[in-house]
Amino acid sequence: MKILQLDKNHPLINAQLSEKGFVIEEDHVSTYSEVLDKIGYFDGVIIRSRIPIDESFLLKGKNLRFIARVGAGLENIDTEKAKQLGISIISSPEGNRDSVAEHVVGMLLVLTNRLFIASQEVKNGIWKREENRGDELLGKTFGIIGYGNMGKATAKRLSGFGLKVIFHDILPNLSDEFATQVSLDELKNQADILSLHIPITDDTFHLIDEKFISEMKKDFYFVNTARGKNVKTKDLVEAIKSGKIKGAALDVLEFEKSSFEN
């Protein structure tokens, strides 16, 4: 079985598949059209985000038996067409949940304690004790949108900080020992901190925009480790300037390349 790997991934993927007799070709530079010219020769493809797997791609891949994505999101794959063609979709939705959860906590502590700002000032001989006093998490309400693998892992990591953790999700009855499910309106009324853990869909594109931000009852901190396009950057910037958003920690950006190579 021949497999085309279109993004750089951990070398174990190549090594372990090769040990099992698969033939792996790595191509991290070809354009979409160049890949289309040869995809018909492969039985499987391993991707991250560099190349969209759309209908044209799938129809050209006449021998494709599977598409494997190193990650959770499948937004760059036409999953319905793949299903029609009998092509299996493989993803790893829980793969980096612990790393993401720890990253959220790390960014939140940096944000609420102004660590980067204070560090840079001290390096330049500036000492602003009161201006850089931290904002304690104890007693605050942490709101999560999306309570899948990442959202649940984040709530679990926050359990020792004395926060009240609430979440909103499109699926019902997901409350557990770490967080309580609420309506979106309730989340907007209660949250001091907002964290996104959702895919990018028609419903979640620019979810965080001027209207959403204005509907938040409190001034709040914002953390995004989901998708850049969940947020309308222009509206986020204006909210930071006005003080409605007290600070933002962004692991993803609305305007970023799909490729991890550059």
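Not measured: the values here are computed from a predicted model.
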One thing to verify: whether K38 and D27 come together as a salt bridge, which I'm taking to mean a side-chain N less than 4.0 angstrom from a carboxylate O.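 A salt bridge links D27 with K38.
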Less than 4.0 Å between a side-chain N and a carboxylate O, is that true for E210 and K234?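 Looking at E210 together with K234, the answer is no, because their closest N to O distance does not fall below 4.0 Å.
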Would S183 and E186 count as having a side-chain donor-acceptor pair, cut-off 3.5 Å?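 The criterion, which ignores hydrogens and geometry beyond distance, is satisfied for E186 and S183.
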Checking side chain to side chain donor-acceptor pair (under 3.5 Å) against E254, which of K232, R227, H206 comes through?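 Running side chain to side chain donor-acceptor pair (under 3.5 Å) over K232, R227, H206 with E254 returns exactly one hit, H206.
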Tell me, please, whether F212 has K188 positioned over its six-membered ring: NZ or CZ under 6.0 Å from the ring centre and within 45 degrees of its axis?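 Yes - K188 lies over the ring of F212, closer than 6.0 Å to its centre and within 45° of its axis.
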Against the six-membered ring of F42, is K2 placed for a cation-pi contact (under 6.0 Å from the centre, within 45° of the normal)?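 Flagged: K2 positioned over aromatic ring of F42.
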According to a hydrophobic-cluster definition based on side-chain heavy atoms being under 4.5 Å apart (Ile, Leu, Val, Met, Phe, Trp, Tyr only), do [X] and [Y] belong together?
{"X": "L196", "Y": "Y221", "result": "no"}
{"X": "I51", "Y": "L74", "result": "yes"}
{"X": "I213", "Y": "L111", "result": "no"}

Verify the neighbour count for atom NZ of K218: are there more than 12 heavy atoms of other residues, nucleotides or ligands below 6.0 Å?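 Yes, enclosed.
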Going by the angle between their ring planes, with limits at 30° and 60°, are F57 and Y32 parallel, tilted or perpendicular?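 Aromatic pair F57/Y32 classed tilted.
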R157 side chain to H103 main-chain N or O, any donor-acceptor pair under 3.5 Å?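 Side chain of R157 to backbone of H103, a donor-acceptor pair under 3.5 Å: no, none is there.
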Do the side chains of I193 and L137 get nearer than 4.5 Å, heavy atoms only?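 Of all side-chain heavy-atom pairs linking I193 with L137, at least one is under 4.5 Å.
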